[in-house]
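Single-structure report; data block below.
In the text below, chain A, chain B and the rest are named by the order of the sequence lines, each starting its count at 1.
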Amino acid sequence: MSTSSDIARVEVRVDQPLNLPLTLESGQAFRWHEADGVWSGFIRGELVTLERTDDGLSVQCSVPAVPGIQDAVQRYFRLDDDLPAIYEELCKDERLSEAIHQHWGLRILRQEPWECLTAFICSQNSNIPRIAKMQESLANDLGQTYTLGGIQRQGFPTPEALASAGEETLRTLALGYRAKYVAKTAEIVASGGLDLYTLRETSYDEAKATLMELPGVGAKVADCVLLFALDKLEAVPIDRWVRRAFEEWYLDGEELPYDKLLAWAHQTFNPNAGYAQQYLFFRRRQAKDKSLT
DNA sequence: ATTTGACCTGACTAT
DNA sequence: GGGTTCAGGTCAAAT
């Protein structure tokens, strides 16, 4: 039973644009819960709550986690990215200017690689509510319990936990055919066959090739993990929406394979291609019912 | 080298 | 309730 003395509150100053609900529900991360303006979720494996304040974020966490929590929050929201400068550069493009003004304060997150990898293996042929449901099922059945004040949540399961659960168990958690991919990838990571954190230090191309050796990881899933967890802002996950945005808005309807689109995006938007992708994704998605061109 | 179809299941939207 | 559905793809087999 935890008491209030187990909890610390830390203020994190935010001088950058940050739309908290938009960022946490943007389909990068799938395990943030909101109640009365308080968000609960995990940062660096610790259960925390977040609230937006006038000049930043008010963070609650358990006392043993306090050292470094400020730094962890800043890193999670990539507050070291100078978003106004990125906006200024990207706003030279008319579509991006629209997208940015509509979704001001949407940030790219720096997530934990293992959870992010699992989430996007599960994302294929699925939709955001369902991905969230799968992630929650995995945590509820196979994760460790954390409490913070009156909040109780399960942490995301380790590679070891998912590997020992096995494909059949994962199928009972409604992962469908993705169960095999998650189980096999978990085995590889748990057995030390791949250290995801070292991929932060390697080049985009090398890290991507390594990820794509994993079962269930193709170019798109790899780019998601590279962008949302592995510090590769040149990664451009090209899903249905981003593909439509590129082809309809920039390429006169021409259809191109993934790698051609990626090369075009790099040429057009680097060094901020990842941010460009994130804003165009939202802009195109929003336009789906309005027949905007 | 490119194209095609199977794949699990829940959400969604229009009959 | 169902469905020539659709959903932030991947893989292996067949051109």
So that I can tick it off, tell me whether [Y] and [X] are bridged by a salt bridge, with the cut-off set at under 4.0 angstrom between side-chain N and carboxylate O.
X      : Y      : value
A:K232 : A:D205 : no
A:R285 : A:D239 : no
A:D80  : A:R75  : no
A:D81  : A:R107 : no

Could you tell me how far apart [X] ([atom1]) and [N] ([atom2]) are, to the nearest whole angstrom?
X      : N      : atom1 : atom2 : result
A:E168 : B:dC8  : CD    : C1'   : 13 Å
A:R240 : C:dT5  : CZ    : C1'   : 11 Å
A:Y181 : B:dC8  : OH    : C1'   : 11 Å
A:D239 : C:dC6  : CG    : C1'   : 14 Å
A:L226 : C:dG8  : CG    : C1'   : 16 Å
A:L211 : C:dG9  : CG    : P     : 17 Å
A:Q124 : C:dC11 : CD    : P     : 7 Å

Open item on the list: Heavy atoms only, 4.0 Å cut-off, all strands: where does A:F228 land among base, sugar-phosphate and nothing?
Closed with: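 Contact class for A:F228: base.
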
TODO: Step through it carefully: locate the ring centre of A:F42, locate the ring centre of A:W32, and say whether they are under 6.0 Å apart.
DONE: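 Aromatic pair excluded; centres sit 6.0 Å or further apart.
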
- [ ] Return the 5'-most residue of the pair A:Y177, A:K133 with respect to DNA chain B, ranking by each residue's nearest nucleotide.
- [x]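 Checking each residue's closest nucleotide, the 5'-ward one belongs to A:Y177.
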
Task: Contact nearer the 5' end of DNA chain B, comparing A:P129 with A:S126 - done: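 Final value for this comparison: A:S126.
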
Open item on the list: Would you say that A:E255 contacts A:E247 through its side chain, given a criterion of any heavy-atom pair below 4.5 Å between the two side chains?
Closed with: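 They are in contact (side-chain heavy atoms under 4.5 Å apart), so the answer is yes.
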
TODO: May I ask you to establish whether A:R284 and A:W241 are in a cation-pi arrangement, using a distance under 6.0 Å from NZ or CZ to the six-membered ring centre and at most 45° from the ring axis?
DONE: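 No, cation not above the ring by the 6.0 Å, 45° rule.
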
TODO: Classify the side chain of A:R130 and the base of B:dC8 as holding, or not holding, a donor-acceptor pair under 3.5 Å.
DONE: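 Side chain to base: pair present.
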
Open item on the list: Does A:Y258 contact C:dG9 through a side-chain donor or acceptor facing the base, at a distance under 3.5 Å?
Closed with: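 When only heavy-atom distances are counted, A:Y258 does not reach the base of C:dG9 through any donor-acceptor pair under 3.5 Å.
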
TODO: For A:F281 and for A:V217, find the nucleotide of DNA chain C with the closest heavy atom, then tell me which residue's nucleotide is more 5'.
DONE: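 Nearest nucleotide further toward 5': that of A:F281.
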
Open item on the list: Only Watson-Crick and G-U wobble pairs with both distances less than 3.5 Å should count. Give DNA chain B in dot-bracket notation, marking inter-strand partners with |.
Closed with: |||||||.||||...

Open item on the list: Please tell me if A:R178 has a side-chain N or O lying less than 4.0 Å from either OP1 or OP2 of B:dC7.
Closed with: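 Answer no for this pair, as no side-chain N or O of A:R178 is under 4.0 Å from OP1 or OP2.
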
Open item on the list: Taking B:dG10 as the reference, what is the distance to C:dC11 when you measure between their C1' atoms (whole Å, please)?
Closed with: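 It comes out at 23 Å once rounded to the nearest Å.
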
